[in-house]
Amino acid sequence: MSVHKNVKKVTTHTLQEMKSEGEKISMLTGYDFSMARIIDEAGIDVILVGDSASNVMAGHETTLPITLDQMIYHASSVVRAVNRSLVVVDMPFGSYQGNSLEALSSAIKIMKESGGHAIKMEGGQEILESTQRILTAGIPVMGHLGLTPQSIYKFGTYVVRAKEEEEASRLIDDAKALEEAGCFAIVLEKIPAELAKKVAAMLTIPVIGIGAGGGVDGQVLVVHDMLGINNEFNPRFLRKYNNLHEQMLHSFQDYIQDVRSGDFPNENEKY
Ligand code: KIV
């Protein structure tokens, strides 16, 4: 089953051009072949193999438990599905913090074994050395500031970040540092819309928001959330484009009913 049609692939340069031309960038998470195939076919610019796989695919409470090998498994499934989109892969917790050599080796492993096109890391100046080292290997890096779920035990909650002046000004400094280091884009998660708009205007690289308002260069959502698969997660920033929880539940119930009643399979559904 080949999906490699002749289309113009999205690259980090495409995203830069989109920002220059004021064209908004669309990004969704993806973790498996079948879903990624549909997302890519729909024309998304970027598929993020997010470490949110830890939550939505594996059922963990946080993103901390997912491993490098598990991220590579998800990312390689997505890469096999994709024809056009840029595939960005999250570096999981513990694979880059505190040791830039280990960060480089984790990034190289992801690129070699998954076929992904870029990596993403959470943090600002504290991961600058890792960012610079990874970039020297020719691996494009996407930054991630604001609410950084890998630091949930430091924050204590998932509430909006950088509402106070001090944290906002640190975030601005971090964003500038990541741009200067050579990141090709930055995700801003759950921060005030005015601050996100200011950062997007300040930087020349694209800024992609989640819960960061419309003044940025693009938007990202977790695919299971926007499809309404998980009906227990309803933050203000989330727009649901479907209610798949209900639709899937009814389909499963209909199937169970048909099996129990003997209605399935019928005369036409057998050999
Ligand atoms: O892991 C993830 O899904 C993310 C997005 C929320 C940006 O990092």
Side-chain angles (χ1 to χ4, degrees), residues 15 24-32 35-36 39 44-68 70-75 77-78 85-97 106-107 110 114 116-124 127 131 140-152 155 158-162 171 174-175 178 183-191 196 199-200 205-213 216-227 229-230 233-240:
L15 303 185
K24 296 276 188 185
I25 296 162
S26 61
M27 174 158 129
L28 278 175
T29 64
Y31 318 100
D32 68 279
M35 187 87 90
I39 299 170
I44 206 84
D45 299 310
V46 185
I47 297 184
L48 171 67
V49 184
D51 60 355
S52 49
S54 179
N55 310 108
V56 297
M57 300 301 285
H60 292 296
E61 215 171 288
T62 71
T63 56
L64 275 63
I66 199 159
T67 66
L68 191 56
Q70 287 166 343
M71 286 305 298
I72 289 168
Y73 167 79
H74 287 296
S77 308
V78 168
S85 320
L86 183 80
V87 178
V88 180
V89 186
D90 255 340
M91 296 263 277
F93 177 69
S95 70
Y96 62 96
Q97 292 94 343
S106 304
I110 287 178
S114 76
H117 309 135
I119 60 99
K120 173 165 85 57
M121 289 188 291
E122 296 182 5
I127 59 145
T131 304
V141 178
M142 177 180 269
H144 183 158
L145 297 170
L147 177 64
T148 47
Q150 291 181 12
S151 304
I152 184 58
F155 297 144
Y158 288 103
V159 296
V160 179
R161 303 303 313 173
L171 186 142
D174 281 343
L178 290 176
C183 284
F184 72 92
I186 293 178
V187 166
L188 291 182
E189 180 165 356
K190 224 171 170 185
I191 64 167
V199 174
I205 57 172
V207 171
I208 298 172
I210 172 163
V216 289
D217 308 305
Q219 299 293 326
V220 56
L221 285 176
V222 169
V223 69
H224 289 65
D225 297 342
M226 61 85 78
L227 289 176
I229 291 177
N230 173 6
F233 184 63
N234 299 296
R236 190 205 301 196
F237 72 77
L238 175 62
R239 185 178 292 181
K240 292 195 183 185

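Order of listing sets the numbers, starting from 1, for every ligand and every atom in it.
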Practice task
Check whether any N or O atom of Asp51, backbone or side chain, sits under 3.5 Å from an N or O atom of ligand 1, and answer yes or no.
Solution key: yes

Handout entry: Atoms in ligand 1 with a heavy atom of Val222 nearer than 4.0 Å
Key = 3 (O)

Exercise for the section: Could you check His224 against Tyr31 for ring-ring contact (aromatic ring centres under 6.0 Å, His included), going step by step and ending with a plain yes or no? Expected result: CA-CA 10 Å; His224 289 65; Tyr31 318 100; 5.7 Å; yes

Handout entry: Nitrogen or oxygen of Asp90 less than 3.5 angstrom from that of ligand 1
Key = yes

Problem - Spatial distance of atom OG (Ser106) from atom CE (Met71) [nearest 0.5 Å] - result: 12.0 Å

Handout entry: Test item, Lys120 contacting ligand 1 (heavy atom, 4.0 angstrom)
Key = yes

Completion exercise
ligand 1 to Thr29, heavy atom cutoff 4.0 Å, flagged ligand atoms 3 (O)

Practice task
Verify side-chain hydrogen bond (donor to acceptor under 3.5 Å, both in side chains) between Glu189 and Tyr158, making sure each step is shown before the conclusion.
Solution key: CA-CA 10 Å; Glu189 180 165 356; Tyr158 288 103; over 6 Å; no

Exercise for the section: Could you say whether the N/O atoms of Ser52 and ligand 1 ever approach to under 3.5 Å? Expected result: yes

Practice task
Would you check if there is a donor-acceptor pair between the side chains of Ser26 and Asp45 at a distance under 3.5 Å?
Solution key: yes

Exercise for the section: Return the set of residues passing side-chain contact (heavy atoms from CB on, under 4.5 Å) with Asn55 (not counting sequence neighbours), or none when no residue passes. Expected result: Ser52, Thr63

Practice task
Carefully, step by step, assess Gln97 and Gln150 under the rule side-chain hydrogen bond (donor to acceptor under 3.5 Å, both in side chains).
Solution key: CA-CA 10 Å; Gln97 292 94 343; Gln150 291 181 12; 2.9 Å; yes

Practice task
Using salt bridge (Lys or Arg N to Asp or Glu O under 4.0 Å) as the criterion, list what pairs up with Lys120, not counting sequence neighbours.
Solution key: Asp90

Problem - Ligand-side contact atoms (ligand 1) for residue partner His144, heavy atom cut-off under 4.0 Å - result: 8 (O)

Completion exercise
Counting from 1 in the order shown, the ligand 1 atoms closer than 4.0 Å to a non-hydrogen atom of Leu48 are 2 (C), 4 (C), 5 (C), 7 (C), 8 (O)

Handout entry: Numbered atoms of ligand 1 (with element) below 4.0 Å of Ile210, judged on heavy atoms
Key = 6 (C)

